[in-house]
Amino acid sequence: MTDFANAIPTTVDVVRRERCYEGFYKLDRLHLRHELFAGGMSREINREVFVRHDAVCMLPYDPQRDEVVLIEQFRVGAMGKTDNPWLVELVAGLIDKDEQPEEVAHREAQEEAGLDIKALWPMTKYFPSPGGSNEFVHLYLGRCSTDGVGGLHGLEEEAEDIRVTVWAFEDALQAVRDGRIANAASIIALQWLALNRAEVRGLWS
């Protein structure tokens with residue numbers, strides 16, 4: 001009996017790639033074959049992929065007060081899936097210029113929350129939905145002061161309408177447990193902070 005447990009497929013043969021739609025985002029259709037765990041190549045298959053800029057998400061955190069900054073804004077993708085499509089989220093933005101992820105984190109903190117970030121702690125990087133999108137997310141913890149933070153923010157030219165609020169860390173974590181925070185980046189970041197909070201506060205306080 002052949003042992004497939006340690007097989008590591010590496011080969012993908014893209015036969016043809018078509019641009020189906022091009023706007024702010026793009027949609028491509030790929031005709032491809034890929035290597036199989038059992039050896040050999042698959043038959044030709046078709047897959048659509050949502051082509052997006054990579055993203056940066058950041059959880060601003062005040063280690064002195066043990067508070068996080070979260071934002072709320074309308075999200076069209078949540079319509080019909082939840083009673084309230086105004087989601088509680090992290091500061092976030094797309095890498096759509098010649099920028100490093102850290103630069104995007106600092107810029108978006110200012111634009112979306114009026115925050116000055118003193119330091120960044122890389123949490124992780126991940127694909128949020130690789131079955132149909134090529135988006136890759138860089139996730140950070142950002143050191144800040146929550147003193148005087150809050151209010152309405154966002155760029156008028158980008159039609160942003162963002163409410164900024166400060167949460168006690170334990171209240172934000174409870175909102176994950178209750179399902180009030182229901183987007184991947186926020187859940188991952190708050191769970192990461194729950195696991196690493198003592199170390200973070202020890203180094204940043």
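Since we're looking at a predicted model, the values are computed, not measured. Reckoned from all heavy atoms, side chains included, excluding hydrogens, waters and symmetry mates.
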**Report entry** Residue pair Ile95 / Pro101, side-chain heavy-atom distance below 4.5 Å
**Finding:** yes
Query - Considering all heavy atoms, the nearest Asp83-Pro85 contact - result: O-CD, 3.8 Å
Query raised in the report: Which residues pass the side-chain hydrogen bond (donor to acceptor under 3.5 Å, both in side chains) test with Arg75, sequence neighbours left out?
Result: Glu89
Requested in this report: For residues 179-193, pull every pair meeting salt bridge (charged side-chain N to carboxylate O under 4.0 Å, His left out), keeping only residues two or more places apart or in separate chains.
Outcome: Asp178-Arg180
Query raised in the report: Which pairs count as ring pair (Phe, Tyr, Trp, His ring centres under 6.0 Å) when at least one residue sits in residues 73-106, sequence neighbours excluded?
Result: Phe74-Trp86
Query raised in the report: Is there a side-chain contact between Ile71 and Leu90, using heavy atoms and a 4.5 Å cut-off?
Result: no
Requested in this report: Taking side-chain contact (heavy atoms from CB on, under 4.5 Å) as the test, write out the residues that go with Glu48, two or more places apart.
Outcome: Leu27, Arg29
Report summary line: Correct closest heavy-atom pair for Pro63 and Trp204 would be CG-CB, 3.7 Å
Query - Partner residues of Pro130 under the side-chain contact (heavy atoms from CB on, under 4.5 Å) criterion, sequence neighbours left out - result: Phe127
Report task. For the pair His138 and Tyr140, name the ring-plane relationship: parallel under 30°, tilted 30 to 60°, perpendicular over 60°. Result -> parallel
Query - Side chain to side chain, Lys125 and Leu139, heavy atoms closer than 4.5 Å - result: no
Query raised in the report: Is the number of heavy atoms from other residues, nucleotides or ligands under 6.0 Å of Lys26 NZ greater than 12?
Result: yes
Query raised in the report: With sequence neighbours left out, which residue pairs that include part of residues 184-196 fulfil the side chain to side chain donor-acceptor pair (under 3.5 Å) condition?
Result: Asn183-Ser186
**Report entry** Where Ala172 and Leu70 come nearest, the two heavy atoms and their spacing
**Finding:** CB-CD1, 4.2 Å
**Report entry** Inter- and intrachain pairs under salt bridge (charged side-chain N to carboxylate O under 4.0 Å, His left out), touching residues 184-199, at least two apart
**Finding:** Asp66-Arg197, Glu170-Arg197
Report task. Give, for atom CG of Leu94 and atom CD of Glu99, the distance between the pair rounded to the nearest 0.5 Å. Result -> 10.5 Å
Query raised in the report: Between Val91 and Pro60, what is the shortest heavy-atom contact and its length?
Result: CG2-CG, 4.1 Å
Report task. Taking side-chain hydrogen bond (donor to acceptor under 3.5 Å, both in side chains) as the test, write out the residues that go with Asp28, two or more places apart. Result -> Arg17, Arg19
Query raised in the report: How would you list, by chain and number, every residue that makes a side-chain hydrogen bond (donor to acceptor under 3.5 Å, both in side chains) with Trp167, sequence neighbours excluded?
Result: Thr165
**Report entry** Test item: Leu59 and Leu193 side chains (from C-beta on) under 4.5 Å apart, heavy atoms
**Finding:** yes
Requested in this report: Would you mind reporting whether Arg143 and Ile117 have side-chain heavy atoms less than 4.5 Å apart?
Outcome: no
Query raised in the report: Tell me, do Glu35 and Met41 make a side-chain contact under 4.5 Å, heavy atoms counted?
Result: yes
Query raised in the report: Asp171: what forms a side-chain hydrogen bond (donor to acceptor under 3.5 Å, both in side chains) with it, not counting sequence neighbours?
Result: none
Query - Hydrophobic cluster membership, Val176 vs Tyr61, 4.5 Å side-chain cutoff - result: yes
Query raised in the report: Are side-chain heavy atoms of Leu120 and Leu141 found at a separation under 4.5 Å?
Result: no
Query raised in the report: Excluding sequence neighbours, so at least two apart, what forms side-chain contact (heavy atoms from CB on, under 4.5 Å) with Ile8?
Result: Thr10
Query raised in the report: Of all heavy-atom pairs between Glu135 and Pro128, which one has the smallest distance, and what is that distance?
Result: O-CD, 3.3 Å
Query - Side chain to side chain, Val200 and Trp121, heavy atoms closer than 4.5 Å - result: yes
Listing, residues 145-153 side-chain donor-acceptor contacts under 3.5 Å, not counting sequence neighbours, or none:
unit_1 : atom_1 : unit_2 : atom_2 : d
Ser145 : OG     : Asp147 : N      : 3.2
Thr146 : OG1    : Asp62  : OD2    : 3.2
Thr146 : OG1    : Glu67  : OE1    : 2.6
His153 : NE2    : Gly150 : O      : 3.1

Query - Heavy-atom pair with the smallest gap, counting every atom of Leu190 and Leu173 - result: O-CD1, 4.0 Å
Query - Heavy-atom neighbours of Gln100 CD exceed 12 at 6.0 Å - result: no
